[in-house]
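When a ligand or atom number is given, it counts from 1 through the structure's own listing order. The first residue in the sequence is number 1, and the count goes up from there.
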Amino acid sequence: MAEFTVGDADFLLDGRPVRLLSGALHYFRVHEEQWDHRLAMLRAMGLNCVETYVPWNMHEPEPGRYADDAALGRFLDAAHRAGLWAIVRPGPYICAEWENGGLPHWLTGRLGLRVRTEDPEYLGHVERWFTRLLPQVAERQIGRGGPVIMVQVENEYGSYGTDQGYLRQLVDLLRSCGVTVPLFTSDGPEDHMLTGGSVPGVLATANFGSGAREGFETLRRHQPAGPLMCMEFWCGWFDHWGADHVVRDPADAAATLREILECGASVNIYMAHGGTNFAGWSGANRGGGDLHMGELQPDVTSYDYGAPVDEFGRPTRKFWLFRDVLALYQEGPLPELPPAPALFGAPVQVELTEWAPLGDVLDVLGGTEAETPVPASFEQLDVDRGLVRYRVGIPGPRKPRPLSVAGLRDRAVVYVDGVRAGVLSGEHAVLAEPVAGPAAVELWVESLGRVNYGPLMGETKGITGGVMHERQYLHGVRSRGLRLDAFDEAGAVAKVPFRAPAGDGAAAPGLYRATFEVAVPGDAELELPGWTRGFVWVNGFNLGRYWSAGPQHTLYVPGPVLREGTNEVWVLELEAAGTSVCLG
Ligand code: GLA
């Protein structure tokens with residue numbers, strides 16, 4: 001069996017120097033039936049390795065209950081079949097523009113800032129999870145005939161904290177779970193990050209998008225020997241809702257790739273194929289410059305990332321330019337590209353002919369209502385992704401005064417006595433018109449994704465302060481959660497009492513449903529003209545959030561989700577609906 005080690009200057013395979021030409025592909029962002037195709041695209045680009053994170057929160061929705069936690073092993077087997085080595089970054093924190101940086105909501109909700117430290121309760125949960133997860137990594141290590149050659153400790157810890165004891169304990173835990181391949185850390189090439197995130201005796205690597213020579217010089221100052229590796233070469237970037245689409249010039253990215261390789265370094269292209277944040281798993285940033293304490297910047301559904309293999313699995317210009325660079329570092333000719341996936345046949349316009357108001361949807365799919373003096377948070381209601389309806393009364397008689405929400409995360413559609421009164425956000429949380437009492441106030445609050453990076457990572461969602469009438473807290477709040485995964489239960493949506501959409505143009509929020517016929521299934525995109533904000537499912541598969549705020553205007557529909565014959569679409573609209581959607 002082969003042995004992969006860290007030498008003084010190079011990575012060594014059975015003692016011979018090897019260069020890692022790796023690309024990031026997160027198995028949880030790609031439909032499983034497409035893994036083989038995407039991995040073959042990575043091979044064809046000239047990569048010899050694939051890297052993936054592991055999202056703890058997706059695999060452990062509540063403590064001790066696991067969801068498809070064998071997926072990583074199946075993906076590693078697919079990588080092996082494709083002739084790729086594998087780097088695994090199991091977290092527990094992964095950042096990755098993923099909800100809560102991969103930490104479960106039930107963990108951050110309870111522990112707050114005690115996560116990512118040596119706190120015993122936190123480490124107890126990590127130990128349970130790693131003990132469950134890591135056997136499938138350990139048994140697929142290169143020394144046992146598998147593809148796994150390296151495993152990461154935490155993720156860019158130096159961008160977050162200084163708890164060296166925590167990192168040490170993670171190293172010990174990985175080892176005690178049977179991980180024998182080399183470990184590494186990855187951090188920005190900055191003194192404070194490398195000193196905060198590195199562990200003596202563990203290979204340090206650097207993450208950057210440009211300036212390879214300077215980056216590696218900084219890394220060298222901290223680590224005089226050992227192979228150089230850029231663990232995240234950001235060849236593109238992600239988008240935020242309501243902001244401009246970010247573009248990275250392919251030639252400029254290819255020049256940086258060349259520079260990295262000319263430094264004699266190994267590389268992990270982040271992302272080689274980005275995929276999609278299906279099912280509302282996208283995370284969020286906080287603006288405000290380097291302190292990252294400013295306004296919420298939720299991530300869009302697409303994780304195309306401007307990657308060389310685009311969201312549809314197609315080669316882009318960046319792909320061909322990268323392939324030219326990577327070809328210089330191969331012994332033989334590069335493999336051919338795999339056959340392109342099937343494309344959807346003729347476009348279909350689907351009228352949404354059935355509708356149920358949000359309150360009825362909540363009655364069928366919602367959790368139990370909590371009645372508490374102050375609003376319950378999403379975490380207290382055990383809502384990871386989804387909505388909470390808050391109801392509270394304004395006593396009266398009293399004259400009109402400003403109605404606002406303190407500590408709103410993230411966006412609320414507000415009704416006063418059943419009439420829509422406005423949409424509030426964390427940044428603009430006062431209704432335009434003052435409200436008189438007595439009145440009944442209802443707020444539908446959506447989490448736009450928990451922060452995955454920076455000091456506010458893990459902050460709670462919902463109304464985290466209170467509903468205010470002028471300076472007065474309105475007490476006695478009824479809170480009821482609607483988890484997105486309630487829609488996943490077989491037959492659950494069929495129990496919703498659908499009817500014809502209200503009024504003429506079907507603008508009312510609610511759950512819409514329709515069936516449509518498909519002649520030739522294949523990769524497609526869904527457009528939602530006139531719709532505002534919500535989620536779409538096709539045949540029960542959650543395609544993710546749509547939002548007219550842009551810059552994303554269509555959702556990717558993986559071909560394997562569609563079937564020949566009759567298909568079903570559901571649209572959960574939270575603000576103002578359109579009448580039809582287009583698949584093409
Ligand atoms: C950091 C993180 C990644 C990702 C990138 C930005 O490097 O380690 O998980 O968030 O930033 O895409």
According to salt bridge (charged side-chain N to carboxylate O under 4.0 Å, His left out), who are the partners of Glu232, at least two apart in sequence or on a separate chain?
Arg89
Check each N or O atom of ligand 1 against all protein N or O atoms and list the pairs under 3.5 Å, with atom names and distances to 0.1 Å, one per line.
from, atom 1, to, atom 2, distance (Å)
ligand 1, 7 (O), Glu156, OE1, 3.4
ligand 1, 7 (O), Glu156, OE2, 2.8
ligand 1, 7 (O), Glu232, OE1, 2.4
ligand 1, 7 (O), Trp234, NE1, 3.4
ligand 1, 8 (O), Tyr53, OH, 3.3
ligand 1, 8 (O), Asn155, ND2, 2.9
ligand 1, 8 (O), Glu156, OE1, 3.4
ligand 1, 8 (O), Glu232, OE1, 3.3
ligand 1, 8 (O), Glu232, OE2, 2.8
ligand 1, 9 (O), Tyr53, OH, 2.6
ligand 1, 9 (O), Ile94, O, 3.2
ligand 1, 9 (O), Ala96, N, 2.8
ligand 1, 10 (O), Ala96, N, 3.3
ligand 1, 10 (O), Glu97, OE1, 3.4
ligand 1, 10 (O), Glu97, OE2, 2.6
ligand 1, 12 (O), Glu97, OE1, 2.7
ligand 1, 12 (O), Tyr305, OH, 2.6

Contacts of His240 that satisfy side chain to side chain contact (heavy atoms under 4.5 Å, CB included) - sequence neighbours left out
Phe238, Ala243, Asn285, Gln297, Asp299
Partner of Glu99 under salt bridge (charged side-chain N to carboxylate O under 4.0 Å, His left out), chosen from Arg450, Arg545, Arg385
Arg450
Could you tell me which residues satisfy side chain to side chain contact (heavy atoms under 4.5 Å, CB included) with Leu123, sequence neighbours excluded, listed by chain and number?
Glu118, Tyr166, Gln169
Taking atom types as modelled and ignoring hydrogens, do the side chains of Asn57 and Trp98 form a donor-acceptor contact shorter than 3.5 angstrom?
yes
Will you find, in the side chains of Glu311 and Ser302, an N or O donor that is under 3.5 Å from an N or O acceptor?
yes
